[in-house]
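The next block holds one structure in the form of structure tokens; read it before the comments.
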Protein chains: 2
Amino acid sequence: MGADMEGGTSLNRPDFEQADAWIATAPSSQSESFLNAVLVIRRIVAEHHDRPSLVSRVACEVGAEIVENIRQSGEDLSSVELAERYETSRTPIREALLLLEKEGLVRIPQRRRPHVAVLDIAEAREIYRVRAVLFGAVASDAARLRTDADLESLREQLARLSAAHDAHDLSAYLWANVEFYNRLTMAAYNNTAKRILDSLLLRTLRLRRLSLTQPTRRERSMAHHVQLLAAIEEQDAPLADVLIRSNHLHALAALEQLYADGGVPLPMRSRRRRRQAAAAA
Amino acid sequence: MGADMEGGTSLNRPDFEQADAWIATAPSSQSESFLNAVLVIRRIVAEHHDRPSLVSRVACEVGAEIVENIRQSGEDLSSVELAERYETSRTPIREALLLLEKEGLVRIPQRRRPHVAVLDIAEAREIYRVRAVLFGAVASDAARLRTDADLESLREQLARLSAAHDAHDLSAYLWANVEFYNRLTMAAYNNTAKRILDSLLLRTLRLRRLSLTQPTRRERSMAHHVQLLAAIEEQDAPLADVLIRSNHLHALAALEQLYADGGVPLPMRSRRRRRQAAAAA
DNA sequence: TCGCCAAATAATGTCGACAAATATACGAGC
DNA sequence: GCTCGTATATTTGTCGACATTATTTGGCGA
């Protein structure tokens with residue numbers, strides 16, 4: 001999806017330049033990253049909506065916009081605006097927003113406009129703590145239960161991760177990372193845990209790109225993945241557990257740093273962008 | 001399972017005798033247990049719906065019926081039926097069902113009737129494993145972070161638990177147990193973890209009563225709580241961790257036993273109860 | 001000029017209706 | 001008698017409309 005023309009209305013995704021700031025190297029990978037976001041979100045939020053229903057389409061797209069920081073934290077998500085934009089009634093929009101609320105990307109207060117959920121450092125801390133513990137258990141299980149096919153799948157993904165790392169392609173690295181964790185959780189054969197981890201991942205995905213901006217963080221992350229896969233190959237469950245927990249705590253520390261330095265662009269106090277009287281279809 | 005009488009309309013809560021089978025001693029605590037279920041569900045599913053909105057009312061009541069095994073596993077939850085029963089349109093019903101789906105009590109396949117989620121042993125196993133790990137971390141945190149007020153609250157609740165145990169009141173014991181865990185998770189000051197644990201608890205609440213039917217299980221559970229509180233009082237985080245994990249694994253073992261013995265009344269293959277033309281208002 | 005209160009505006013929650021899709025009942029064929 | 005295909009009957013997904021409730025605009029007073 002390229003430039004959203006129709007220059008006047010504020011309905012289009014704004015400030016692409018801002019998004020640019022996070023894409024370190026490959027400028028053309030913007031839309032590709034967005035597509036990745038849509039795919040991941042579809043996997044997580046619309047897993048049961050097998051067929052491309054209306055609500056799943058809206059949920060995926062809006063969710064991707066949030067994850068890609070096209071919609072800023074706290075920004076209003078008026079159901080009528082979205083209904084106009086997707087040329088549908090408000091009922092499916094409402095349901096899509098409910099799906100996104102379930103994943104923690106959107107908040108829907110009673111009788112108030114839904115808005116993009118804000119992720120303060122306290123909540124991020126909580127999420128990372130939970131993820132660390134759960135991921136530890138999952139990695140531990142994966143180390144014990146993984147099949148050869150799982151192992152092969154993980155190796156393959158690690159190669160992609162490494163390639164993205166070498167190419168200094170931040171966006172590619174990010175999504176390869178997500179997919180690596182996806183395969184890892186699958187290897188533990190615990191769908192309940194996977195669901196929870198996926199949901200928690202989604203919540204912090206907005207910050208992930210920020211955190212990986214730091215080169216030292218990326219180095220550490222890459223090294224970590226190599227170690228982790230080795231531990232799983234050797235079926236060293238305790239080591240896998242400790243490794244992944246440690247990595248999460250480091251990632252959290254990096255995030256705390258970013259928040260402390262004001263590197264997180266989040267404020268935006270819920271003032272609604274004025275709707276222009278938009279023309280026809 | 002008991003007689004599915006289908007006397008007049010099948011819209012009312014049926015087979016109270018069936019519920020009776022699980023209430024070991026106090027026959028009058030039936031409705032009280034239902035009320036407890038409603039309260040707990042309101043706390044969990046409708047936490048943001050502060051004001052008593054329509055959807056929260058429906059969600060709480062239907063959810064309570066599921067948890068109390070008044071609605072059987074797999075039973076259809078037609079939105080028109082519910083709309084009739086609550087004298088409202090289908091829109092709020094739909095949203096209420098979505099809320100319950102989010103908590104795993106209901107499944108809503110596309111273009112098919114929603115139905116009470118079935119909880120097979122595999123999923124129960126997954127849930128208990130996740131809960132064990134997460135609860136371990138939470139208990140660990142609680143041991144370190146608990147304030148004196150938290151401690152007092154836990155002691156008080158343990159007393160109630162003990163009283164219910166001495167009175168052989170299964171239902172009271174069950175709900176006191178739920179509240180004890182609620183206070184415990186609060187003492188860890190991690191709302192994300194609490195939310196997840198609450199949701200997982202809700203999913204297994206239906207089975208909990210079954211599991212506690214076994215007297216030895218109740219003895220063990222009671223003893224466990226005493227030990228756990230002691231560990232938290234002494235700020236022995238590792239001990240709290242191990243204790244709660246161990247308890248969960250024992251509970252799971254009891255469940256496996258029940259499933260193996262066919263003690264779980266769950267089957268019911270989604271055939272819809274025939275609607276009778278119900279009369280006026 | 002700034003802050004508080006009231007009218008006006010816009011958004012949400014709910015409703016009843018309709019089209020598409022599914023589940024049920026009925027009847028034919030073996 | 002039982003299984004399979006077809007017609008009927010519900011049911012879901014979506015829509016546009018309305019009442020109620022927030023939000024914003026505009027006015028008044030200090």
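Sequence lines set the chain letters: A, B, ... in the order given, protein chains first and strands last, and positions in each chain run from 1. Nothing here was measured: the structure is a model prediction, and the numbers come from that model.
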Expressed in angstrom and rounded to an integer, what is the separation of [X] atom [atom1] from [N] atom [atom2]?
X	N	atom1	atom2	value
A/Leu54	D/dT12	CG	C1'	14 Å
B/Glu95	C/dC15	CD	C1'	14 Å
A/Arg57	D/dT14	CZ	P	12 Å
B/Ile108	D/dT11	CD1	C1'	14 Å
B/Glu84	C/dG16	CD	P	12 Å
A/Glu101	C/dT12	CD	P	14 Å
A/Arg90	D/dT14	CZ	C1'	13 Å
A/Gln110	C/dT14	CD	C1'	14 Å

Exercise. Determine whether any donor atom in the side chain of B/Arg111 lies under 3.5 Å from an acceptor atom in the base of D/dT12, or the reverse, and answer yes or no.
Key: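 Pair found.
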
Short side-chain N/O contact from [X] to OP1 or OP2 of [N], under 4.0 Å:
X	N	value
A/Ser79	C/dA11	no
A/Arg112	D/dT23	yes
B/Thr91	C/dT14	no

Quiz item: Start at the 5' end of DNA chain D and walk down; is the nucleotide closest to A/Ser89 or to B/Leu77 reached first?
Solution: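 In this pair, the answer is B/Leu77.
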
Working to the nearest 0.5 Å, report the span between [atom1] of [X] and [atom2] of [Y].
X	Y	atom1	atom2	value
B/Arg113	B/Ile108	CZ	CD1	13.5 Å
A/Tyr259	A/Ser211	OH	OG	11.0 Å
B/Leu98	A/Lys102	CG	NZ	7.5 Å

Quiz item: Would you say A/Arg203 has more than 12 foreign heavy atoms packed within less than 6.0 Å of its CZ?
Solution: yes

